[in-house]
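Remember, predicted model here, so these are calculated numbers, not experimental data. Numbers restart at 1 for each chain; the letters A, B, ... are given by sequence-line order, proteins then strands.
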2 protein chains.
Amino acid sequence: MARKRFDDSSCSVARALNEVGDWWSLLIVLHAMYGTRRFVDFQQELGIAKNILCDRLGRLVDNGVLRKVDVGEHGSRFEYRLTDKGRDLFPVVIALRQWGDKWNPAPEQEALDLRDRATGRPVQTVLVRDADGQPLSIRDVFMPEDSLPEAKKG
Amino acid sequence: MARKRFDDSSCSVARALNEVGDWWSLLIVLHAMYGTRRFVDFQQELGIAKNILCDRLGRLVDNGVLRKVDVGEHGSRFEYRLTDKGRDLFPVVIALRQWGDKWNPAPEQEALDLRDRATGRPVQTVLVRDADGQPLSIRDVFMPEDSLPEAKKG
DNA sequence: TAAATCTGGTTTTAAGATGCAACCCTATTC
DNA sequence: GAATAGGGTTGCATCTTAAAACCAGATTTA
C-alpha cells in the first residue's frame, strides 16, 4: 500500500505535512515566494514532470495555499499565486532554508542572503522566542500535559 | 522512475527536504523533540510500519539528525537521540505546527501550547524578523540577484 | 529448562506514486 | 497554413510504500 494520509490526525504537524509535506509542494511554494507564477516557469525551474506539477498545483489550490488566476492575455494562460495561507509559510520556508545553509552548505554557494527591503540589512535567524523575545531552545520549553501527542495520533 | 533526489542541488531547501522532507522523517523528529527515543515507542506513537521506521531512523542517523545510542541495559536496546543538527530543526517544526494550528485547526483540539519553562508564558509565533526584531512578511524582503535560484537547480 | 515476551530488524507482496515521453487542444505568431 | 507556446492528460515502466509475516538475540515467566 502506498503513502499514508493524515487528514484526520489530531496532530497539526501531520495535517500540515499532508498539504505541503511531499517532495515537491514546499519547493513549489518556495519558488512562488521567489516570484514564479506560471506553469512552464515552475516546470523549468524545478525540473519537475508536467503531470506531477499539474497534480501538485491542483492540490495546493485545493488546499488554499495557491490560487489559480486566469490572465487571459494570450490564449489560455494562468498564474498560480500565493494566498495568505501560502504566504504564511514564509517562516517555515526560511527556517528550513537557514537550517539547510547551516548544516548542509553547498560548497560553492553562499548562504541565503535575505534582506529587509526597507533597510537593506539581513534578516535574523528564525528562532522560537519567549514572550520577551529571547531565543528558546527545545530544552527551555514544556507543554502542558493535555497538549502532548497521543499514541496513534502522530 | 521514482522520486527524484536533490543531493547535488544548489538549493539548500531542496537539500534540506532531501533529509527531512518526506512524510515520516519530520514527524519522527517532532516526536524525538517530545521526548520519544526508542524504536517501539516511535512505532506505536506514529503508527508507522516497522520497515519504514527502520529506514527513516537509519537515514536520519546517516544524515546526522539523530544518533543511535546503545543503551545495553536489557539485551539489545538502542535509543535514537537528537543531535545538535536535529535540535536545530526546532524552529522549523514549531513554525510548521503554528501554521497548521492557524490554517487547519482540528475541530476538537486546542492549538499548540508551548511554554517557556522559566516563566510559564507561551512562546511567540515564529516569524522572520529584521535586524531590530520587527516582523517581516515576504513582501518586506528581497534577495540580492546572485542568491536567486536558477533554472534546473530547484 | 522450556515457553513466552520484548526489541530491533529483514523479507515478501500489493497497492500507489513517480518520471518520462507522447499526445491533445487552443491560441498566437510567422 | 505551418510552426510554436501554454497548459494539460494518458500510458507505461519503475520505484516506494504499508502491512504483515518472519527472524534472532536476550530476558523474564512458568
Side-chain angles (χ1 to χ4, degrees), chain A residues 1-9 14 17-28 31-32 36-62 66-81 151-152 154, chain B residues 1-9 14 17-28 31-32 36-62 66-81 151-152 154:
Chain A
M1 309 197 170
R3 174 178 300 164
K4 209 172 198 176
R5 300 269 168 187
F6 299 101
D7 307 282
D8 58 342
S9 174
L17 289 174
N18 223 22
E19 300 195 346
V20 294
D22 66 291
W23 284 83
W24 289 114
S25 295
L26 207 58
L27 285 179
I28 291 173
H31 279 249
T36 304
R37 292 179 162 187
R38 296 233 314 282
F39 188 95
V40 282
D41 294 332
F42 281 115
Q43 208 212 319
Q44 288 178 3
E45 290 171 13
L46 293 168
I48 183 175
K50 290 167 79 175
N51 51 350
I52 304 297
L53 179 57
C54 242
D55 178 79
R56 292 304 182 279
L57 287 173
R59 193 175 297 175
L60 288 169
V61 169
D62 287 345
L66 299 176
R67 69 177 197 284
K68 186 173 183 175
V69 180
D70 190 337
V71 291
E73 303 175 20
H74 306 79
S76 64
R77 246 162 242 225
F78 304 96
E79 281 187 1
Y80 296 88
R81 300 188 193 161
K152 287 290 179 184
Chain B
M1 310 194 171
R3 176 181 298 165
K4 211 171 200 175
R5 298 270 169 187
F6 299 100
D7 307 283
D8 58 342
S9 173
L17 289 174
N18 224 22
E19 300 194 348
V20 294
D22 66 291
W23 285 83
W24 290 113
S25 296
L26 207 58
L27 285 180
I28 290 172
H31 278 248
T36 304
R37 292 179 164 188
R38 296 232 315 283
F39 188 94
V40 284
D41 293 332
F42 282 115
Q43 208 214 320
Q44 289 179 0
E45 290 171 13
L46 292 168
I48 182 175
K50 290 166 80 175
N51 52 349
I52 303 296
L53 180 57
C54 241
D55 177 80
R56 293 304 184 279
L57 287 173
R59 192 175 296 174
L60 288 169
V61 168
D62 288 345
L66 297 177
R67 69 178 197 283
K68 186 173 182 175
V69 181
D70 190 337
V71 291
E73 303 174 21
H74 305 81
S76 64
R77 240 164 247 223
F78 304 96
E79 282 187 0
Y80 295 89
R81 299 187 193 163
K152 287 290 178 186

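- Between the C1' atom of dG7(D) and the CG atom of Leu53(A) lies a distance of 10 Å, rounded to the nearest Å.
- Rounding to whole angstrom units, CG of residue Leu17(B) and P of dT18(C) are separated by 14 Å.
- Note: CZ (Phe39(B)) to C1' (dC23(D)) measures 13 Å, nearest angstrom.
- Under the 4.5 Å side-chain criterion, counting only non-hydrogen atoms from C-beta, Phe42(B) is not in contact with Ile48(B).
- Atom P of nucleotide dA22(C) and atom NZ of Lys50(A) are separated by 12 Å, given to the nearest angstrom.
- Considering only the side chain of Phe78(B), dG8(C) comes nearest among dT18(C), dG8(C), dA18(D).
- Comparing Asn51(A) and Lys68(B) by the nucleotide of DNA chain C whose heavy atom lies nearest to each, the residue mapping closer to the 5' end is Lys68(B).
- Minimum interatomic distance between Lys50(A) and Phe39(A) (heavy atoms only, all atoms of both residues): O-CZ, 3.8 Å.
- Here Arg38(A) does not reach the OP1 or OP2 of dA5(D): none of its side-chain N or O atoms lies under 4.0 Å away.
- Residue Trp24(B) places at least one side-chain N or O closer than 4.0 Å to OP1 or OP2 of dA18(D).
- Among the nucleotides dG7(D), dT10(C), dG8(C), the one closest to any side-chain atom of Cys54(B) is dT10(C).
- Atom-to-atom, CD1 of Ile48(B) to C1' of dG8(C) comes out at 14 Å; the value is rounded to the nearest Å.
- Nucleotide dA17(C) holds its P atom 14 Å from the CD1 atom of Ile52(B), rounded to whole Å.
- Taking 4.5 Å as the limit, every side-chain heavy atom of Thr36(A) sits out of range of all side-chain heavy atoms of Ile28(A).
- Across the protein-nucleic acid pair, Leu46(A) atom CG and dG19(C) atom P stand 11 Å apart, rounded to whole Å.
- Looking at residues two or more places apart in sequence or on another chain, you find a side chain to side chain contact (heavy atoms under 4.5 Å, CB included) between Arg81(A) and Arg37(A), Arg67(A), Val69(A), Val71(A), Glu79(A).
- Residue Ala49(B) places its side chain closer to dA19(D) than to any other of dG9(C), dT18(C), dA19(D).
- The Tyr80(A) side chain lies nearest to dG8(D) when the options are dG8(D), dG8(C), dG19(C).
- We find that CG of Asp70(B) is positioned 15 Å from P of dT7(C), with the value rounded to whole Å.
- Partner of Ser25(A) under the side chain to side chain contact (heavy atoms under 4.5 Å, CB included) criterion, chosen from Leu17(A), Leu66(A), Leu60(A): Leu60(A).
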